[in-house]
Amino acid sequence: MVVEVRGVNRAQLGAALRALRQASGKEAKAVARSAVMSASKLSKIETGKVAPSATDVECILTAIGVSDEVKEEYLEAVRAAATETTAWRLIRRMGLHKAQQQTRALEAQMTLLRLFQPALVPGLLQTPEYIHAILSRHGLGEDMLSRTVSARMERQQALYDSAKRLQFVITEPVLRWRIVSAARMAEQIDRLAFLSRLPNVDIRIVSLSAHQGDIANHAFAIRDDRTVTVETVHAEIIVTDPRDVALYVQKFEGFASVALSGNAMRSMLEVIRDEFLREQETG
């Protein structure tokens with residue numbers, strides 16, 4: 001059965017989600033656990049006290065086990081909100097490891113990822129040492145840091161799922177930005193070369209010497225050409241309006257078209273890795 005949910009407000013959407021859950025016979029705690037959120041958050045969504053994101057709704061519907069037809073009907077209603085912004089301080093309050101788990105649940109559903117990154121090695125491609133260095137900036141306690149690093153490492157299992165296509169475009173400064181020591185950067189670059197040979201993974205590098213017709217404003221990830229996640233200094237922004245998603249797809253394809261790929265890309269990696277190794281030997 002497809003429920004008409006277009007144009008509903010927050011309370012109506014919450015009530016509809018609760019009705020679906022109750023009809024499925026599943027307890028709220030079980031659905032919340034499968035959706036990687038607290039039972040309290042699910043309760044607030046169902047009672048209209050919290051506006052769910054598109055990701056929240058997708059995770060809840062997946063946990064309930066509705067058909068793809070019903071899921072798409074609900075997600076269409078949520079996408080009408082077009083753009084959602086969540087401040088990093090709220091994500092940190094929830095727990096960065098939980099945010100990683102929620103992203104993993106989302107990635108488990110996708111079949112195509114297109115990620116552009118002009119500043120850092122993308123999380124799915126990072127070595128443990130690189131991940132540790134990135135997350136250490138958040139002032140996490142040792143236990144929380146360890147759990148968040150582990151959660152990000154677990155997300156990397158998606159790289160070996162042949163049912164997914166994972167496309168990454170990064171810029172040359174990503175390879176030269178010294179997040180870790182020269183020796184560790186060389187290891188990180190070796191990992192990029194290794195992962196680029198996986199049949200479902202495409203890694204491309206935009207060289208600084210390439211003529212550019214666009215600006216590398218910020219990182220973004222496009223999932224199944226339906227949802228875009230943008231990371232800014234203060235917040236994570238979720239874009240779902242198809243017109244806005246199309247802008248990001250066009251920007252990604254533009255950078256991909258001028259980026260190095262295949263053996264040419266790996267030759268560039270080798271040159272930069274060797275520079276780090278020489279620095280390590282002479283330093």
Side-chain angles (χ1 to χ4, degrees), residues 1-113 151 154-155 158 164 221-231 235-245:
M1 177 181 69
V2 176
V3 180
E4 178 57 64
V5 291
R6 289 186 180 88
V8 298
N9 59 32
R10 180 196 305 178
Q12 291 170 322
L13 177 60
L17 289 171
R18 179 173 56 191
L20 274 179
R21 179 182 58 74
Q22 292 173 336
S24 73
K26 295 185 177 180
E27 295 290 337
K29 286 185 179 178
V31 170
R33 184 166 56 251
S34 297
V36 197
M37 66 176 62
S38 68
S40 172
K41 180 177 179 179
L42 177 60
S43 175
K44 290 177 180 176
I45 289 173
E46 289 186 346
T47 54
K49 295 178 180 176
V50 168
S53 66
T55 300
D56 290 333
V57 172
E58 186 162 10
C59 289
I60 291 170
L61 295 174
T62 299
I64 291 174
V66 301
S67 68
D68 290 343
E69 188 180 15
V70 171
K71 185 185 293 185
E72 189 54 38
E73 185 78 8
Y74 274 73
L75 288 174
E76 188 174 324
V78 177
R79 287 178 194 133
T83 302
E84 307 148 6
T85 302
T86 306
W88 289 116
R89 63 178 182 279
L90 300 180
I91 295 175
R92 282 195 292 270
R93 190 178 303 164
M94 176 184 75
L96 289 178
H97 67 296
K98 290 185 178 178
Q100 291 291 319
Q101 291 167 353
Q102 195 166 44
T103 301
R104 186 186 184 191
L106 187 64
E107 290 170 344
Q109 302 298 319
M110 72 180 184
T111 57
L112 172 62
L113 171 70
E154 289 169 0
R155 280 180 53 204
K164 302 183 189 303
I222 312 168
R223 294 185 175 87
D224 291 329
D225 288 355
R226 293 189 299 119
T227 304
V228 181
T229 302
V230 181
E231 295 187 356
E236 178 184 77
I237 300 172
I238 306 297
V239 180
T240 53
D241 186 306
R243 296 165 297 183
D244 296 330
V245 171

Is the shortest distance from a Lys or Arg side-chain nitrogen in Glu58 or Arg226 to a carboxylate oxygen in the other one below 4.0 Å? yes

Taken in chain and number order and not counting sequence neighbours, the residues that satisfy side-chain hydrogen bond (donor to acceptor under 3.5 Å, both in side chains) with Thr103 are none

Donor-acceptor pair, distance only, cut-off 3.5 Å: does the side chain of Lys164 make one with the backbone of Met110? yes

Tell me, please, which residues at least two apart from Thr111 pass side chain to side chain contact (heavy atoms under 4.5 Å, CB included). Asp224

Suppose the criterion is side-chain hydrogen bond (donor to acceptor under 3.5 Å, both in side chains): which pairs have a residue in residues 28-45, not counting sequence neighbours? Lys41-Asp56

Pairs in or reaching into residues 59-68: which pass salt bridge (charged side-chain N to carboxylate O under 4.0 Å, His left out), with residues at least two apart or in two chains? none

Looking at residues at least two apart in the chain, or sitting in another chain, which of them share a side chain to side chain contact (heavy atoms under 4.5 Å, CB included) with Glu154? Arg104

Just jot down the salt bridge (Lys or Arg N to Asp or Glu O under 4.0 Å) partners of Lys49, sequence neighbours excluded, or say none. none

Student check: side-chain heavy atoms of Glu236 and Val230 closer than 4.5 Å: no

Val36 vs Cys59 side-chain heavy atoms within contact, under 4.5 Å: no

Would Ile60 and Leu42 count as a side chain to side chain contact (heavy atoms under 4.5 Å, CB included) if you check the C-alpha gap in whole Å, the side-chain angles of each, and the deciding distance to 0.1 Å? CA-CA 8 Å; Ile60 291 170; Leu42 177 60; 3.7 Å; yes

Working to the nearest 0.5 Å, report the span between CG of Leu61 and CD of Gln109. 10.5 Å

Where do Asp225 and Leu112 land on the side chain to side chain contact (heavy atoms under 4.5 Å, CB included) test, with the steps shown first? CA-CA 8 Å; Asp225 288 355; Leu112 172 62; 4.2 Å; yes

For side chain to side chain contact (heavy atoms under 4.5 Å, CB included), just list the numbers for Ile222 and Thr227, CA-CA rounded to whole Å, side-chain angles, deciding distance to a tenth of an Å, and then say yes or no. CA-CA 6 Å; Ile222 312 168; Thr227 304; over 6 Å; no

Sorted by chain and number, sequence neighbours left out, side chain to side chain contact (heavy atoms under 4.5 Å, CB included) with Ala99 holds for Ile91, Met94

Side-chain atoms of residues 14-26: list all donor-acceptor pairs with protein atoms under 3.5 Å, sequence neighbours left out, distances to 0.1 Å.
from  : atom 1 : to    : atom 2 : distance (Å)
Arg21 : NE     : Glu46 : OE2    : 2.7
Arg21 : NH1    : Lys26 : O      : 3.3
Arg21 : NH2    : Glu46 : OE1    : 3.2
Ser24 : OG     : Arg21 : O      : 2.5
Ser24 : OG     : Lys26 : N      : 3.3
Lys26 : NZ     : Ala63 : O      : 2.8
Lys26 : NZ     : Ile64 : O      : 3.2

Check the surroundings of atom NZ in Lys71: do more than 12 heavy atoms from other residues, nucleotides or ligands lie under 6.0 Å from it? yes

